[in-house]
Structure formats: structure tokens, C-alpha cells
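These notes are about the structure you will find just below.
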Protein chains: 2
Amino acid sequence: MIHYESIAKIVDFKNNNGMDCEITMNKPFPMTSKCTAKAAPSKRKRMSPEERETLIVDEAICFFAEHGFEGKTRDLAKRLGITQPLLYRYFPSKESLIERVYQEVYVQRWNPDWDDLIPDRSRPLADRLAAFYKEYARAVYDYVWVRIFLYSGLKGVDINDRYLGIIKDKVLIPVCTEMRHEYKLPSPDKTPIEAEELELAWGLHGMFFYRAVRHFAYSLPVAEDIDQAIENDVSMFLAGAPKVHKRIVKKAAG
Amino acid sequence: MIHYESIAKIVDFKNNNGMDCEITMNKPFPMTSKCTAKAAPSKRKRMSPEERETLIVDEAICFFAEHGFEGKTRDLAKRLGITQPLLYRYFPSKESLIERVYQEVYVQRWNPDWDDLIPDRSRPLADRLAAFYKEYARAVYDYVWVRIFLYSGLKGVDINDRYLGIIKDKVLIPVCTEMRHEYKLPSPDKTPIEAEELELAWGLHGMFFYRAVRHFAYSLPVAEDIDQAIENDVSMFLAGAPKVHKRIVKKAAG
DNA sequence: CCCGTTATTTATCAAGCGATATATTACAGC
DNA sequence: GCTGTAATATATCGCTTGATAAATAACGGG
């Protein structure tokens, strides 16, 4: 569970690897926000293998997030203040380092605690959705996460498919299910969830995720108050979706 | 003006360069949809410079959309069925070819006719927004467009900023302005448009564009009936946004 | 303070890259 | 057909890349 103090603003956001990321926000169209270079020790420094490996992996994450996976090992080494062959003492190949970066960024990025938020019928649906997306934002509104996800998506890496499968199972389907319950529509047991319904839920997800794309891929300024923006997303969604949703489900059931 | 027959479905969509794009849709999580290889003539064929240049540019667009701009000139040549040095008879450098690809993809992708759709107060706002996004989809729901836009966004190419500036001026601000008019709120002359209002309009745009990201970057299946999906987006937006919008504007107007 | 271990660097390879120079050959005009 | 032009291919350069081998030096233990 990520410890984390209130993020009213995305400004000066720290990413989930605990690395500082210098996000230049609130200025119109700032240049690409980047992770700050760790340290560039000019003199040879002897470290324990564990310490050095951590440094390499952390910097590799930022480096590949910035340049994509075609970034050169020599450039990465330069940013680390080490020589390029040293990387090969810790990783047998560039590919294995990239694999490690994937593991580091994707694994444990889905918090099982989130699973319970959307289906918790003791709270109003609007609260649940807002609560979920606010929590989720803490993991996903992140320079490294968004860019690596986009890069690997464009590259066709299978890990994306798997992650999006989780999104479908843990977010979209629960959203549709809870909306069915909320608006007294047949449960998914009786009338299976339609593709068009999922498309509706993708709409909410799109509002949410495209904000991250705008910021971390396009370097555009986004809402100052992220929590407020998410509440607006959810409020817009719940005010507008039911009508469409009912039509879809009735057509499917009827 | 692009001639174009009704696209009820995105299946078998043709992109705007007139190139066939084989889109594998409706199967769950299909592999990345690609542009089909033009032709791979095994024997040396002598063409007019104009014809050859067109072939190179068209294939380069597909090639870089697929692999990003780090794609190798030798691979591009192989797909064209020509040798790599021949590329350099038509373009002095790889960079100049990429520049040409940018021009080809971006230029004239904004149709000035679209400018009039959103502000046309003789029609209901819902119709106008749906009409605009349906038209816009014809240009943007396209393998080449989406992927090159994402690649160049991640790379920080300035042409993206310029294009997004157009989106702001021609879409987001008009949307906010028309909503103000629709719901009897002060016009932007009196009360300038707030960042939070723009964020609201970005929400609609995000629903729209993220659908393209899902399909062309993540290779996910999307709505079969694109026009219907867009109508759902707009209908959801207009049913849900006003409440939030009013709060924002009234706060701003004091 | 010395010495051995090993983290780190220097030197280098082989393949691949963008790009250029030179050799071929397809086609138009006679 | 023959021939000249130029579209295309072959051969190759110089540099960069991922990766390896050998040399160096930082630190811990005695």
C-alpha cells in the first residue's frame, strides 16, 4: 500500500518509484516534464552490487520512459555517471534490463484494495467511482507509468494486453454492473454485459486517462485540482450515462 | 474535402491517404492492425520520379506509423521492394523523409468546414457536437494519424503543440462558448473561459480520442458502430456537463 | 600497511546504421 | 536495333550500437 499525502495538485508530483520527477505545470504548454537525473558522480565510486543495481534500474525506468526503449545504453550509462560496460555486469543484455523495467513499473501497480471500492454498495455510486479513480490516479498519473504504457502499447508488448484485461475485469465490468444495480436493470447474470455498455464505461476511463496522456505525452497543462477534476468526470458520467445505458440494456434484454 | 461514404463501422476502414489499412476488428484483443504492404515487386522496375516518390512517401507513412521514427531505412526499402540507397536519391536524409511524412499526415488534416459546425446555433447543440465529432472521426480514427500523433507527442515534436492549439481554439473554446449560450451563462467576453471549463471540454474530447488510442495503440476492439458511440459520448456529455459547468462559471463570475 | 577480492574502467569487436560513390540496366527517342 | 539519359543496384565508408575481454583501482580483512 502506497503511503501518500493528499495530492490536491499534480504539481511537484512524485512518482511511485519514490523518484523525484520535475513536473513543470501551470505554465501553458511546458516542455516535456522529465525525471530529474539521479546523481552524476564525477569520480569512480565503488558501491555494493545491490545499491548499484537499484540505481541502474531506477534510472533506466526514467530513461526509457523519456526516450522509449530504443534509447542507447551509452546514454543511460552517462546519466548514471558510470561506463556503459558496467551495465552488462548487472544485466546480461539490454533486453533483460528492459524486462526488469517492465517488471518494476507494472508489478504491484494494481492494488488489490481497489477491487473493493467500486462494488461497495454501502456508499453512493458517485462516491465509490470518485474514490476509486482518485486512488487510481495516485498510481497512474505518473510520468513513468503513462509513457512506458504508451511506448509499450505502440510496440505491441503483451504486458499491455494483460493490464488492460485487468482494467476490464476490475473497473469496466464492475462499473457496468453497479450501474445496472443502481438503475434497476437486470443483473449481468440474466443479461450479459454488452460491448456497447463497456464502451460507455470506457468513456469515463477515457476522460480520466486522456488527462494523463495530455500531460505526460503531449506536455500540456491539465487541471490544477486533480481530485476536483475526477469528481467532475464522475459527476458528468453519472448524470449522462444512465439514459444511454438503459437504452442499451433494454435493447439487449428485450 | 474528403469524399467518403457512410462509416457505420470502423471495420475495413480506409485511411485518409487512400491506402488500404487492414484493420482486424471485432475479435477480442486482435494484434496490432497495420497498413498493408503496398507491393513488393521482385524485379527491378523503372518508374517515373513522381510515381516512385509517391510510393516511397506513402509507404514511409505506414512504416513510421508502425515502427516509430527509429525505424530503419533498410527495412523501409525492403518493404518498398527497392534498395536502401535509392531512398537517398529522393530524399537527402532520413530526417527530410520524416519531415515529409509529417507534412503529408498533418497538413490539410484540419478541414476548415469543421469550423462552422459547432457554432451553428440554428441546430440543437447535441446535433452540432455529434456532427462535428462524426466528421472529425473520419480524419482521426485512422491508424496512421493516431500512431504518428502519439509517437511524435512522446518525442516532443513541436508540430503536436501547434495541432493541439488548433483543437483548443476550434473545438474546446467553441464547445465552452456554446454551452454558456445554451445554459444562459455569461458570454466569454464578460467572463473569460476558465481552465476548469476547458478541462470539462477535454473530457468529451478524451472520450472520443481515447477510443482511437485503445484501438490503434493498444490494438483493442472498440465500438462497432462508431457514429452511435459518438452520439452516446455527446449525449452523456450534454446530460452531465451543465451542472458542473454552471458551478464553475458562477464561481468565476463571482 | 599490505593484499586479495571484485566493482569499475579501458580497449575493442562485430554487426548495423545512415549516407555516398560508382557500376548497372531499363526505357525513350531516333 | 542502337544509344544516351537517368532510374536503380552494388559496393563501401565512417560512425554508432550492443556486447565482451582485459586492465585498473577501491575497499575490507588481516
Side-chain angles (χ1 to χ4, degrees), chain A residues 37-102 151-152 155 157, chain B residues 37-102 151-152 155 157:
Chain A
K38 276 302 104 52
S42 48
K43 257 306 171 222
R44 172 190 278 197
K45 179 139 174 231
R46 194 190 173 94
M47 298 177 129
S48 76
E50 300 74 31
E51 197 178 353
R52 180 64 79 190
E53 183 175 317
T54 305
L55 267 178
I56 290 175
V57 170
D58 286 354
E59 191 69 48
I61 289 171
C62 272
F63 178 78
F64 288 124
E66 188 177 340
H67 296 101
F69 296 107
E70 329 242 334
K72 321 298 182 189
T73 55
R74 278 173 178 79
D75 294 336
L76 169 58
K78 192 173 289 178
R79 266 171 57 156
L80 277 158
I82 62 174
T83 56
Q84 179 249 9
L86 187 55
L87 295 172
Y88 288 84
R89 186 166 182 90
Y90 291 88
F91 297 90
S93 68
K94 181 184 179 183
E95 201 179 314
S96 72
L97 175 56
I98 290 175
E99 206 54 48
R100 174 63 176 276
V101 167
Y102 277 132
Y151 270 125
S152 56
K155 219 176 133 192
V157 177
Chain B
K38 277 300 107 53
S42 48
K43 257 306 169 223
R44 173 189 276 196
K45 177 135 176 239
R46 193 190 175 96
M47 298 177 127
S48 76
E50 300 74 29
E51 197 178 353
R52 179 64 78 192
E53 184 176 315
T54 305
L55 267 178
I56 291 175
V57 170
D58 286 354
E59 191 69 49
I61 290 171
C62 272
F63 178 79
F64 288 125
E66 188 177 340
H67 296 100
F69 297 107
E70 329 240 334
K72 322 298 182 189
T73 56
R74 278 173 178 80
D75 293 335
L76 169 58
K78 192 172 290 176
R79 267 172 57 155
L80 277 159
I82 61 174
T83 56
Q84 179 247 10
L86 186 56
L87 296 172
Y88 288 84
R89 185 165 183 90
Y90 291 88
F91 297 90
S93 67
K94 181 185 178 182
E95 200 178 314
S96 71
L97 175 55
I98 290 174
E99 205 54 49
R100 173 65 177 276
V101 167
Y102 277 132
Y151 270 124
S152 56
K155 220 177 133 192
V157 177

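Quick note on labels: first sequence line is chain A, next is B, and so on, each numbered from 1.
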For the pair made of CD in B:Glu70 and P in C:dC17, what is the distance, rounded to whole Å? 12 Å
Start at the 5' end of DNA chain C and walk down; is the nucleotide closest to A:Leu86 or to A:Arg74 reached first? A:Leu86
When you compare the side chain of A:Arg52 with that of A:Leu86, does any pair of heavy atoms fall below 4.5 Å? yes
For D:dA19, take OP1 and OP2 only and decide whether either is under 4.0 Å from a side-chain N or O of A:Tyr88. yes
Please classify the nucleic acid contact of B:Tyr90 as base, sugar-phosphate, or nothing, using heavy-atom distances under 4.0 Å. sugar-phosphate
Give a yes/no on whether any side-chain N or O of B:Thr73 is located under 4.0 angstrom from OP1 or OP2 of C:dG18. yes
Under 4.0 Å, counting only non-hydrogen atoms across every strand here, what does A:Pro85 touch: a base, just sugar-phosphate, or nothing? base
Distance test, side-chain N/O of A:Arg89 to OP1/OP2 of C:dT8, below 4.0 Å: no
B:Glu59 side chain near B:Leu76 side chain, heavy-atom distance below 4.5 Å: yes
Atom-pair distance (CE on A:Met47; P on D:dG28), nearest Å: 13 Å
Between C1' on D:dG28 and CZ on A:Arg46, what's the gap in Å once rounded to a whole number? 9 Å
Rounded to whole Å, CZ of A:Phe91 lies from P of D:dT20 at a distance of 15 Å
Please classify the nucleic acid contact of B:Ser93 as base, sugar-phosphate, or nothing, using heavy-atom distances under 4.0 Å. sugar-phosphate
B:Leu87 CG to C:dA21 P: how many Å, rounded? 17 Å
If you check every side-chain atom of A:Gln84, which of D:dA26, D:dA19, D:dA9 has the closest atom? D:dA19
Can you tell me if A:Arg52 touches the phosphate of C:dT8, counting only side-chain N or O atoms and a distance under 4.0 Å to OP1 or OP2? yes
Do B:Val101 and B:Phe63 have side chains that get closer than 4.5 Å, going by heavy atoms? no
Measure the distance from CG on A:Leu80 to C1' on C:dT8 and round it to the nearest whole Å. 13 Å
Nearest-Å distance for atom pair NZ/C1', residues B:Lys72 and D:dC15: 14 Å
Does A:Phe69 offer a backbone N or O that forms a donor-acceptor pair with the side chain of A:Lys94 under 3.5 Å? yes
With the side chain counted from C-beta on, respond yes when A:Ser48 and A:Glu53 share a heavy-atom pair under 4.5 Å apart, and no when they do not. no
Taking CD1 from B:Ile98 and C1' from C:dA19, how many angstroms apart are they, rounded to a whole number? 14 Å
